[in-house]
Protein chains: 2
Amino acid sequence: MTPRELLKDAGLRITAPRLAVLEWLADHPHATADQVAEGVRARLGAVSTQAVYDVLNACARTGLLRRIEPAGHPARYETRIGDNHHHLVCRRCGRTEDVDCVHGAAPCLEPSATGGFTVDEAEVLFWGLCPDCRTATKELQA
Amino acid sequence: MTPRELLKDAGLRITAPRLAVLEWLADHPHATADQVAEGVRARLGAVSTQAVYDVLNACARTGLLRRIEPAGHPARYETRIGDNHHHLVCRRCGRTEDVDCVHGAAPCLEPSATGGFTVDEAEVLFWGLCPDCRTATKELQA
DNA sequence: TCGTTTTCTTGACTGATTCCAGAAAGCATG
DNA sequence: CATGCTTTCTGGAATCAGTCAAGAAAACGA
């Protein structure tokens with residue numbers, strides 16, 4: 001589906017900032033709001049920060065985008081949705097990559113005891129160092 | 001081990017704020033920095049916010065405390081460490097509860113492809129609504 | 001084309017957390 | 001049990017990601 005169709009189906013108005021955000025994000029997964037704003041401005045010229053946040057929030061709310069919020073790092077967004085995959089996050093730079101599920105379909109999706117909670121999502125985050133940061137850290141220590 | 005011994009073994013100086021934080025947190029798991037500060041002040045009198053953050057960071061760094069940072073909520077701390085258990089977080093109020101691992105020892109600890117990352121932790125967070133917030137939400141809708 | 005509704009702009013604001021400089025402990029040593 | 005070095009605490013300013021609010025501008029159903 002094109003971004004245009006996606007917006008329409010989600011009941012959102014079709015605007016230049018929205019199209020630009022969705023298109024740019026399709027080519028640059030796991031980008032931060034800041035990076036999205038930069039990318040969108042490169043295409044459209046001036047776009048307010050607020051507009052970018054509005055678009056990201058509206059799309060995340062309607063399921064067009066998925067938001068990942070790794071502890072200690074700004075949120076990142078991706079257009080790959082619908083398949084519950086997980087993420088690999090670099091502790092140092094926040095770089096994020098997709099990880100498909102190991103144990104088949106839905107791993108760890110069932111907590112052993114919900115304590116009365118109504119669970120609607122299981123989030124799995126793998127923490128570590130990306131290749132670049134590993135190299136950088138080693139050099140620091142040497 | 002007493003808080004005193006824990007600090008000593010970790011190579012941290014034994015100070016009133018540190019003892020108070022560890023003791024209070026042992027009785028109040030999953031507390032936020034704010035709640036910890038309040039609890040500590042109730043015992044010791046004036047303690048700066050900064051001191052509380054310093055203690056929490058120092059203890060988290062040396063492994064005496066575990067920090068949980070649910071997206072959109074302030075960080076929470078707990079003294080239950082060493083057994084890689086997971087958490088159940090309420091989307092609405094941030095209330096956090098422990099969840100033991102379903103699939104035996106280390107579930108989902110192995111991503112299918114690390115993409116060059118060095119993984120050192122697998123974090124699993126279950127999102128949902130706690131009993132109180134579920135009730136509150138229902139009432140709102142009614 | 002019009003009027004309603006949503007979205008965008010600008011700018012101020014918030015909440016959690018960190019940075020900084022100096023004062024006040026802790027503790028290994030003599 | 002003094003001494004001095006080092007870590008920690010205080011107080012206050014600053015940061016950062018993100019939100020709130022009011023008015024202007026654009027979308028789209030009729």
Side-chain angles (χ1 to χ4, degrees), chain A residues 3-22 30-38 40-41 43-62 64-65 67-77 89 91-94 96, chain B residues 3-22 30-38 40-41 43-62 64-65 67-77 89 91-94 96:
Chain A
R4 190 168 226 100
E5 294 167 333
L6 286 167
L7 287 170
K8 194 155 201 180
D9 286 4
L12 294 172
R13 291 190 174 171
I14 292 152
T15 70
R18 285 180 176 174
L19 291 173
V21 165
L22 290 177
H30 309 129
T32 61
D34 238 32
Q35 294 167 333
V36 172
E38 214 177 313
V40 166
R41 285 183 190 125
R43 295 202 180 180
L44 297 184
V47 177
S48 73
T49 303
Q50 190 55 42
V52 174
Y53 275 103
D54 283 350
V55 173
L56 293 174
N57 284 335
C59 292
R61 184 164 29 82
T62 52
L64 264 49
L65 291 179
R67 187 203 325 250
I68 311 145
E69 301 183 60
H73 296 277
R76 285 163 182 271
Y77 299 85
V89 182
R91 285 191 190 282
R92 210 149 163 279
C93 68
T96 304
Chain B
R4 191 168 224 100
E5 293 168 331
L6 286 167
L7 287 170
K8 194 155 199 183
D9 286 4
L12 294 172
R13 290 190 175 171
I14 291 152
T15 69
R18 285 182 178 172
L19 291 174
V21 165
L22 291 178
H30 309 130
T32 61
D34 239 31
Q35 294 167 333
V36 172
E38 215 177 312
V40 165
R41 285 184 190 123
R43 296 203 181 179
L44 298 183
V47 177
S48 72
T49 304
Q50 189 55 42
V52 174
Y53 275 102
D54 282 352
V55 173
L56 293 173
N57 284 334
C59 291
R61 185 164 29 80
T62 52
L64 262 50
L65 291 179
R67 184 201 330 246
I68 311 145
E69 300 182 62
H73 297 278
R76 285 163 183 271
Y77 299 84
V89 181
R91 285 191 190 282
R92 208 146 164 283
C93 67
T96 305

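The analysis underlying the following values was restricted to heavy atoms, covering all of them including side chains, and did not include hydrogens, waters or symmetry mates. So you know, we letter chains A, B, ... as the sequences are listed, proteins then strands, and number each from 1.
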For C/dC8, does OP1 or OP2 lie under 4.0 Å from any side-chain N or O of A/T15? yes
Less than 4.0 angstrom between a side-chain N/O of B/Y53 and OP1 or OP2 of C/dT17, yes or no? yes
Just to be sure I understand the rule, does [X] reach a base, reach only the sugar-phosphate, or reach nothing, if contact means heavy atoms closer than 4.0 Å?
X     : value
A/A58 : nothing
A/N57 : sugar-phosphate
B/A16 : nothing
A/A75 : sugar-phosphate

When you measure from the side chain of [X] to the backbone of [Y], do you find a donor-acceptor pair of N or O atoms at a distance under 3.5 Å?
X     : Y     : value
A/R4  : A/I14 : no
A/R76 : A/G94 : yes
B/H73 : B/R92 : no
B/R67 : B/A75 : no

Roughly how many Å is it from [atom1] in [X] to [atom2] in [N], rounded to a whole number?
X     : N      : atom1 : atom2 : result
A/H73 : C/dT18 : NE2   : C1'   : 15 Å
B/L56 : D/dT8  : CG    : P     : 14 Å
A/R76 : D/dG18 : CZ    : C1'   : 16 Å
A/L44 : D/dA26 : CG    : C1'   : 14 Å
A/D54 : D/dA21 : CG    : P     : 13 Å
A/R18 : D/dC28 : CZ    : P     : 10 Å
B/I14 : C/dG26 : CD1   : P     : 10 Å
B/Q50 : D/dA14 : CD    : P     : 15 Å

Applying the side chain to side chain contact (heavy atoms under 4.5 Å, CB included) test to A/L65, which of A/V55, A/L6, A/L22 qualifies? A/L22
5'-most contact on DNA chain C: B/L12 or B/D34, nearest heavy atom basis? B/D34
Checking contacts here: which listed nucleotide (C/dT6, D/dC9, D/dG18) is nearest the side-chain heavy atoms of A/R13? C/dT6
